[in-house]
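One structure is given here, and the rest of the page talks about it.
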Amino acid sequence: MSTIRTFWNIFFSLCFAFVLCSLVLVLPWRWINPPTSAFMLTERITSDRKPDYVWVSLENMSACMAIAVIAAEDQKFPDHYGFDVESIVEALNEPGDRPRGASTISQQVAKNLYLWNGRSYVRKGIEAYLTVLIETLWPKRRIMEVYLNIAEFGPGVYGVGAASVLLRRVYPMELSAYDCTVLAAVLPNPKKMSAAKPSTYVNKRASDILAQVNSLGGATYLDQL
């Protein structure tokens with residue numbers, strides 16, 4: 001009996017320590033701007049190149065930027081709790097060995113900020129756990145703000161602050177609706193698609209995103225966040 005009690009005491013102590021460490025890992029970034037991310041560190045190690053990264057608050061970005069990303073990446077962002085179950089089911093049922101992604105903006109924040117690229121179940125499990133914590137501890141506007149600052153928009157170019165100047169030649173507040181949709185259009189593969197010199201495909205995708213932005217109601221859509 002004593003052995004069983006000791007086992008459960010150790011088990012619950014480990015669980016408590018794990019949850020506490022998780023809170024310490026996630027909660028501070030609700031108020032503190034991350035100085036870097038796991039993806040930026042990986043970029044620096046693997047390419048020996050310092051990532052271009054400048055933090056910009058949501059208020060100092062064009063109002064079109066957040067809605068463009070929502071239209072392109074996660075139209076249910078204001079309403080879900082971290083996971084788009086319907087899209088996940090559709091992706092799992094899609095034929096082929098490599099089904100399309102169904103990650104929400106919250107999941108991408110968890111992955112980009114803390115984890116590594118890949119498709120392993122271990123990484124996806126950790127990502128899901130961190131997504132739950134982020135959705136629980138951060139407001140939606142903060143999730144969007146962090147995402148727009150750590151997402152990669154070009155090879156080694158992270159965040160709207162760096163991307164607007166380096167790729168679109170304007171400051172974040174000066175981004176036009178077209179600029180915003182072009183930046184959103186390259187997010188699925190920023191190392192191959194260029195926002196500085198958009199291809200025909202990128203321009204077509206940007207046009208489709210702009211149509212979705214208008215159908216969602218434009219920048220006023222963010223008022224519900």
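Everything quoted here is computed from the prediction, not taken from an experiment. What you see below is based on every heavy atom in this structure, not just the backbone, and it leaves out hydrogens, waters and symmetry mates.
Proximity of a side-chain donor or acceptor of T104 to a complementary backbone N or O of G82 within less than 3.5 Å is detected. At least one donor-acceptor pair closer than 3.5 Å links the side chain of W138 to the backbone N or O of V26. A donor-acceptor pair is defined here as one N or O able to donate and one able to accept, closer than 3.5 Å; such a pair exists between the side chain of D179 and the backbone of S176. No donor-acceptor pair closer than 3.5 Å links the side chain of R49 to the backbone N or O of E43. The backbone N or O of Y147 lies less than 3.5 Å from no partner atom in the side chain of N112, so there is not a single donor-acceptor pair. A donor-acceptor pair under 3.5 Å is absent between the side-chain atoms of Q212 and the main chain of L216, judged by distance alone. Judged purely by atom type and a 3.5 angstrom limit, E73 has no side-chain atom pairing as donor or acceptor with the backbone of I70. For R142 (side chain) and W29 (main-chain N/O), a donor-acceptor pair under 3.5 Å exists by modelled atom type.
Looking at T42 and W116, their side chains never come closer than 4.5 Å, going by heavy atoms from C-beta outward. Two residues are said to be in side-chain contact when any heavy atoms from C-beta on lie closer than 4.5 Å; E59 and R141 meet this criterion. Using a 4.5 Å heavy-atom threshold, the side chains of D52 and Y158 count as separate.
We find that E152 and K191 are joined by a salt bridge, their nearest charged nitrogen and carboxylate oxygen being less than 4.0 Å apart. No salt bridge links R168 with E174; every basic N to acidic carboxylate O contact stays at or beyond 4.0 Å.
When all heavy atoms of V56 and G161 are compared, the closest pair comes out as CG2-CA, 3.4 Å. In terms of heavy-atom proximity, L210 sits nearest to A177 at CD1-CB, 4.2 Å. For the residue pair V146 and V109, the shortest heavy atom distance occurs at CG1-CG1, 4.1 Å. Of all heavy-atom pairs between A72 and A184, the closest is CB-CB, 4.0 Å.
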Could you walk me through whether E127 and R123 pass the salt bridge (charged side-chain N to carboxylate O under 4.0 Å, His left out) test, one step at a time? CA-CA 6 Å; E127 177 190 296; R123 191 197 64 74; 2.6 Å; yes

Please assess M61 against M144 for the test side chain to side chain contact (heavy atoms under 4.5 Å, CB included), listing each intermediate value before the final yes or no. CA-CA 12 Å; M61 296 180 196; M144 175 57 68; over 6 Å; no

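Summarising the hydrophobic clusters (Ile, Leu, Val, Met, Phe, Trp, Tyr; side-chain heavy atoms under 4.5 Å, direct or chained), the residues clustered with Y178 are V182, V186, M193, Y201, V202.
Interatomic distance, CG of L27 versus CG of L137, reported as 5.5 Å (0.5 Å rounding).
The 12-atom threshold is not exceeded at OH of Y171, counting heavy atoms of other residues, nucleotides or ligands nearer than 6.0 Å.
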